[in-house]
Amino acid sequence: MDRQTMVSTICYDEFERSGHSFFFDELATDHPSISLTIEEPGVLPRVLEPEVMDTPEEAHDYDAMDHAEVNARFVSDLITYHGRSPSGEWLDVGTGTALIPITLCQRVESCRIVGTDLAEQMILLGLQNVIAAGLSHRIRLDRVDAKAMPYPDQSFEAVLSNSIVHHIPDPLAVLAEMARLVAPGGTLFVRDLTRPNSQNELDRFVQLYVGQEPEHAQAMFRDSLHASLTLVEVQHMVASLGLPQDGVQMTSDRHWTWTWRRPTRPLT
C-alpha cells in the first residue's frame with residue numbers, strides 16, 4: 001500500500017448466525033446481510049494478538065505490571081457515571097487477575113461483582129488476589145468466553161470491562177453480549193486502548209507509559225496498541241447494534257470509553 005489504510009469489515013450475516021441478532025427486545029431490528037467497510041487513511045493496520053493469555057508466565061507478567069493509576073481512574077469514572085450506590089450484582093468482563101473488582105470493592109462497600117475471563121491462569125491468580133484482599137464473599141470469578149456468556153438477559157446492574165476488546169479478533173459479538181446483560185436502568189461502561197495513527201506515536205506511548213517496565217511488559221503493551229480498535233471502528237460497531245455511537249468517546253490520549261444506560265422501560 002502506498003498509504004496506511006485500515007479497512008474493517010463487519011459482516012451482518014455472520015453476526016446473525018452467531019445468535020445475537022435480537023439481544024434487545026426494545027431495540028431489535030432485522031439486519032440485512034450487508035458488509036460495512038470503514039476506511040481510515042493514516043491509521044496503522046490492526047495486528048491481532050492472541051485472544052487468551054493463558055500461561056502462568058503471562059498471567060504473572062500481567063499481574064506484576066503497574067496498573068494502579070489506570071485502574072483507579074477507571075473505577076472512579078465508573079462510579080461517577082453510575083451515579084448511585086450498587087444494589088445489585090455487577091459484571092466485570094475480561095477481569096484478568098481481578099484487580100479492578102478488588103479496587104472497586106475497596107472503594108464501594110455495597111458492591112458485589114462477578115468477574116469473567118477465558119484464561120484459566122488469569123482466573124487462578126485472580127482467586128489468589130481476591131483471597132489475599134479478603135473479598136471472597138463479594139467477588140466471584142467465572143471462567144467464561146465473553147463472546148457467549150451464560151447469564152440471563154438484563155441480569156446485572158452494571159456491566160464493565162477494561163481492555164478486553166483489543167484481544168478479540170471480531171469484537172462485535174462481545175460488545176453485543178455486554179449490552180445484552182445490562183439490567184433496566186443499569187450501566188454499561190467499557191474502556192480500551194485505541195490504535196495510534198503512526199508507528200512513531202505508538203513508540204512514544206510505549207516509552208511514555210511503560211518505558212520503565214521490563215522489556216517483556218513493553219512488548220505486551222506494544223502488541224496491545226497494535227491490536228486495538230480506533231474510535232471510528234468502535235463507533236460503527238456500536239451503531240450497528242442500534243445504540244448511540246456518540247456513547248463512544250476518547251477519554252485519554254490512548255483510551256476510548258463506551259458508556260450507555262439501558263432505559264427503564266422499552267423504547268417505542
Side-chain angles (χ1 to χ4, degrees), residues 49-53 58-59 61-82 86 89-108 111 113-119 122-123 125-126 129-130 133 135 139-147 149 156-168 171 174-175 177-179 181-182 186-195 205 209-210 213 217 220-221 223-225 227-231 233-234 237-238 247-260:
E49 63 178 356
E51 182 173 341
V52 181
M53 300 166 58
E58 287 173 325
D61 287 348
Y62 174 83
D63 192 62
M65 292 177 69
D66 185 4
H67 303 280
E69 182 178 348
V70 170
N71 288 352
R73 179 177 175 184
F74 178 90
V75 167
S76 293
D77 291 348
L78 167 62
I79 291 170
T80 298
Y81 182 77
H82 189 65
E89 212 166 36
W90 290 23
L91 176 70
D92 180 28
V93 181
T95 196
T97 57
L99 299 179
I100 283 179
I102 290 169
T103 302
L104 189 53
C105 285
Q106 290 170 340
R107 287 277 304 274
V108 183
C111 197
I113 308 177
V114 176
T116 71
D117 207 286
L118 187 56
M122 290 284 189
I123 292 290
L125 189 49
N129 290 339
V130 169
L135 291 167
I139 299 174
R140 186 182 92 228
L141 301 183
D142 293 343
R143 188 173 179 226
V144 167
D145 187 345
K147 299 185 293 297
M149 290 184 275
F156 292 95
E157 179 183 337
V159 176
L160 52 136
S161 180
N162 186 39
S163 300
I164 186 182
V165 173
H166 73 267
H167 286 286
I168 312 299
V174 174
L175 300 180
E177 276 289 271
M178 289 191 285
L181 294 171
V182 178
T187 291
L188 179 66
F189 194 92
V190 181
R191 178 170 291 171
D192 206 338
L193 295 166
T194 189
R195 197 166 65 256
F205 283 162
Y209 293 110
V210 295
E213 298 279 358
M220 289 172 63
F221 185 59
D223 291 346
S224 293
L225 287 169
S228 298
L229 302 175
T230 67
L231 178 69
E233 289 166 353
V234 181
M237 289 185 182
V238 168
V248 186
Q249 299 289 335
M250 290 296 297
T251 49
S252 82
D253 60 349
R254 65 198 186 282
H255 293 105
W256 55 262
T257 303
W258 177 27
T259 56
W260 176 69

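Along the sequence shown, the residues carry numbers beginning at 1.
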Over all atoms of both residues, closest heavy-atom pair of [X] and [Y]:
X	Y	answer
L193	W256	O-NE1, 3.1 Å
E157	P86	OE2-CA, 3.4 Å
R143	L118	NE-O, 3.0 Å
L229	P171	CD1-CG, 3.8 Å
A146	V93	CB-CG1, 3.7 Å
T259	F189	CG2-CD1, 3.5 Å

Return the [atom1] to [atom2] distance between [X] and [Y], rounded to the nearest 0.5 Å.
X	Y	atom1	atom2	value
I113	E89	CD1	CD	9.5 Å
D142	D117	CG	CG	11.0 Å
F74	S252	CZ	OG	12.5 Å
I139	C111	CD1	SG	8.0 Å
D92	R140	CG	CZ	13.0 Å
D223	H166	CG	NE2	9.0 Å

Requested in this report: Could you check T251 against D77 for side-chain contact (heavy atoms from CB on, under 4.5 Å), going step by step and ending with a plain yes or no?
Outcome: CA-CA 10 Å; T251 49; D77 291 348; 5.7 Å; no
Check: [Y] and [X] side chains under 4.5 Å, non-hydrogen atoms:
X	Y	result
T194	M250	yes
Y209	V70	no
R195	L225	no
V238	W260	no
F221	E213	no
L99	N129	yes
L160	L91	no
T187	V159	no

Query raised in the report: Under the side-chain contact (heavy atoms from CB on, under 4.5 Å) criterion, do K147 and E177 qualify, and how do the steps go?
Result: CA-CA 7 Å; K147 299 185 293 297; E177 276 289 271; 5.8 Å; no
Query raised in the report: Where do M149 and M178 land on the side-chain contact (heavy atoms from CB on, under 4.5 Å) test, with the steps shown first?
Result: CA-CA 9 Å; M149 290 184 275; M178 289 191 285; 4.2 Å; yes
Requested in this report: Dump the intermediate steps for side-chain contact (heavy atoms from CB on, under 4.5 Å) on W90 and H82, then the final yes or no.
Outcome: CA-CA 11 Å; W90 290 23; H82 189 65; 3.5 Å; yes
Query raised in the report: Given the rule in the side chain to side chain donor-acceptor pair (under 3.5 Å) test, do R191 and T257 qualify, once you have shown the distances and angles that lead to the verdict?
Result: CA-CA 4 Å; R191 178 170 291 171; T257 303; 2.7 Å; yes
